[in-house]
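Since this is a predicted model, take the numbers as computed values, not measurements.
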Protein chains: 2
Amino acid sequence: MEKSLKRMATMHKMQVTGLELFYRKGYYNTSVDEILKELSLSKGAFYYHFKSKEDFFISILQQLVVRKIYSMLIEPIEGHDNPLDLISSCLDESLQMAEHNENDYGFVLSNFITEFNGKNPEIMKYLNDTLKIWEVNLVSALQRGKFNGFVDRHVDCEGAASYIISSYIGIRTMMVEGSATALRYRYMQQVKFFFRAMANKQTA
Amino acid sequence: MEKSLKRMATMHKMQVTGLELFYRKGYYNTSVDEILKELSLSKGAFYYHFKSKEDFFISILQQLVVRKIYSMLIEPIEGHDNPLDLISSCLDESLQMAEHNENDYGFVLSNFITEFNGKNPEIMKYLNDTLKIWEVNLVSALQRGKFNGFVDRHVDCEGAASYIISSYIGIRTMMVEGSATALRYRYMQQVKFFFRAMANKQTA
DNA sequence: GATAAAACCGACTAATGGGTTTGGTAAATT
DNA sequence: AATTTACCAAACCCATTAGTCGGTTTTATC
C-alpha cells in the first residue's frame, strides 16, 4: 500500500475507534492504552501519528464530528421546500437513528460540551463553533422559509433556531435512559405543534 | 456540641463541597483528596463517614440535589394560578440564577446523566427518578390548568411536559458557553410563544 | 478525672494515567 | 543500495487515584 495512504488508513482507524470510546465513556475516562488495545496497535504508533491525546481528539472533532453534524443535521435541511417540514423530518430521522442504536449515549456535541466546559477552552471553541454552524444553517433555512412564504413573517428566526437546538439537545439527553420510542414520538408531536404555530397562515 | 450533630455538620460540609466540585469538574475528574483539601479534612474523616466515593455521591444526590430540584423547579409551579404563567416564570427565574452565577456549568441533573450514562446504573436510576419527579409535577400542573380552563383541552400534557424539560436541559447546556443573557431572552420568548399556542382560547 | 466511644489524622498501598524513550524491523520510496 | 516511513515491544517516568489502617485527639458520660 502506498505510504501516505497507509498513514491515512491507520490514523483514520485510530480516530474512529477513539471517537467511539470517547463518546461512550468520555474523553477523560478513556485512556490512550484502551484505544490502542482495541486496535491491537502500540503506543509508539499512536505517538508517531499524533502529538498528544488532546491533539488526537481535536483531529477527531475536525475529521469526524463536524462531518457527522453536516450530513445528519445540516445537509438535509438545505433546499427550497418548506423548511419547517425539512427540519421536522431531519430531527425525526436523527432521533430514529439514536433510537435504533444499541449504543446510544446522547448527542455527541452536547456530551462533549458538558465534559469539556471549564476545562479546555480550545476544545470548547471547536465544539461551540460546530454548534454555531448548525445554528446559522437553521436560521437561514427559516429565513428562506419566510421569503418563500412558508414561515410567518413575525417569527424570530434566531430565537426559533436556538429553541429547536435546545430541545434537540435535551431530548437526546433524555433518550439515553431507555424509553426512547415514546419520548421521540411525543417530542415530534410537540415539534410539529410548535411548527404549525410558526407557519404562514395566509398560504396554506 | 452533641455528637450526632457534629457528625451531621461534618457530613453536610463534605456533601456541599463535594457537590460543588463534582458539578464543576465532574464526578470522575474530582478526587476525594481534592474535596478534602478544600475542607482541610483528612482521608480518615471521609472514610469514617462514608463507605466509598460512590456512597458519598449518592448521599449528595439524596440530600442536596433532589431538594434543589424541588425548591427551584417544583414548588414554584404548585398552586392554582395559570400553570403556563407559573412554569414560564419558574423557568425564567432558574435561567436568571444560572445567568448571574459566575460558576455556572449547566443543569446539574443533565450533566450527571451525561456523565454516568452507561457507567453506573444505580446512580443513573437516582438521576432519572429525580427527573421523573419534575416531569410528573409538570404534567399534573398542566392537567390542573386544563381543569381550571387555562390550558386548551387538546393539549397533550405528557408531551408538553417532556418538551419543556428537553428544551430546558438544552438551553442550560448552551448557556455555559457564555452568551447566556441573549440565549435566555430568546428562549423565554419562544417558550411564551409556545405556551400561547397551548392556552385555552375560550377564556382569555 | 478516668473511661470509652466518636471523630479524625496521615502515611501507606496497589493500581492507573499520559507521555517518553529506546532499539529494532519490514516495506515503500528515492 | 540507501534512506525514509510506519510501525512494534517494552521499559520507564512522574503524578494521581480510591481505599486502608494503626494511631491520636476530641467529646460525652459516669
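- Distance CG (A:L39) to C1' (D:dC7): 14 Å, rounded to an integer number of Å.
- For the pair A:E54 and A:K119, the salt-bridge criterion is not met [side-chain N within less than 4.0 Å of a carboxylate O].
- We find that CE of A:M14 is positioned 7 Å from P of D:dC8, with the value rounded to whole Å.
- Look at CG on B:L36: it is 16 Å from P on D:dT16, rounded to the nearest Å.
- Contacts of A:Y47 with the nucleic acid, taken as non-hydrogen atoms under 4.0 Å apart, include base atoms.
- A:F112 has its ring centre no less than 6.0 Å from the ring centre of A:Y126.
- Summary of the strand contacts: B:T30 and A:G44 both lie near DNA chain D, and taking for each the nucleotide with the nearest heavy atom, the more 5' one is attributed to A:G44.
- Contact annotation: B:Y48 reaches the phosphate of C:dA7 (side-chain N/O to OP1 or OP2, under 4.0 Å).
- An OP1 or OP2 oxygen of C:dC8 is reached within less than 4.0 angstrom by a side-chain nitrogen or oxygen of B:H49.
- Atom CG of B:L41 and atom C1' of D:dT25 are 14 Å apart (whole Å).
- For the pair B:K53 NZ and D:dT20 C1', the interatomic distance rounds to 17 Å; values are reported in whole Å.
- With B:Y105 as the aromatic partner, B:K25 does not meet the cation-pi criteria of under 6.0 angstrom to the ring centre and within 45 degrees of the ring axis.
- Close to D:dT16, at under 4.0 Å from its OP1 or OP2, lies no side-chain N or O of B:S31.
- In this structure, of D:dT17, C:dG18, C:dA7, it is C:dA7 that holds the atom nearest to the side chain of B:R7.
- B:F116 does not carry B:K125 over the face of its six-membered ring by the limits of under 6.0 Å from the centre and within 45° of the normal.
- For D:dG19, its base sits under 3.5 Å from the side chain of B:K43 at one donor and acceptor pair at least.
- Listed pair B:T10 / C:dC8 meets the phosphate criterion, a side-chain N or O lying under 4.0 Å from OP1 or OP2.
- Rounded to whole angstrom, the span from the OH atom of B:Y27 across to the P atom of D:dT17 amounts to 13 Å.
- Here the CG atom belonging to B:N128 is positioned 10.5 Å from the CD atom belonging to B:E135, to the nearest 0.5 angstrom.
- In this structure, CE of B:M8 is placed 14 Å from P of C:dC8, rounded to the nearest angstrom.
- Taking 4.0 angstrom as the limit, B:S42 places none of its side-chain polar atoms (N or O) nearer than this to OP1 or OP2 of C:dG10.
- Separating the NZ atom of A:K13 from the P atom of D:dA6 is a distance of 14 Å, rounded to the nearest angstrom.
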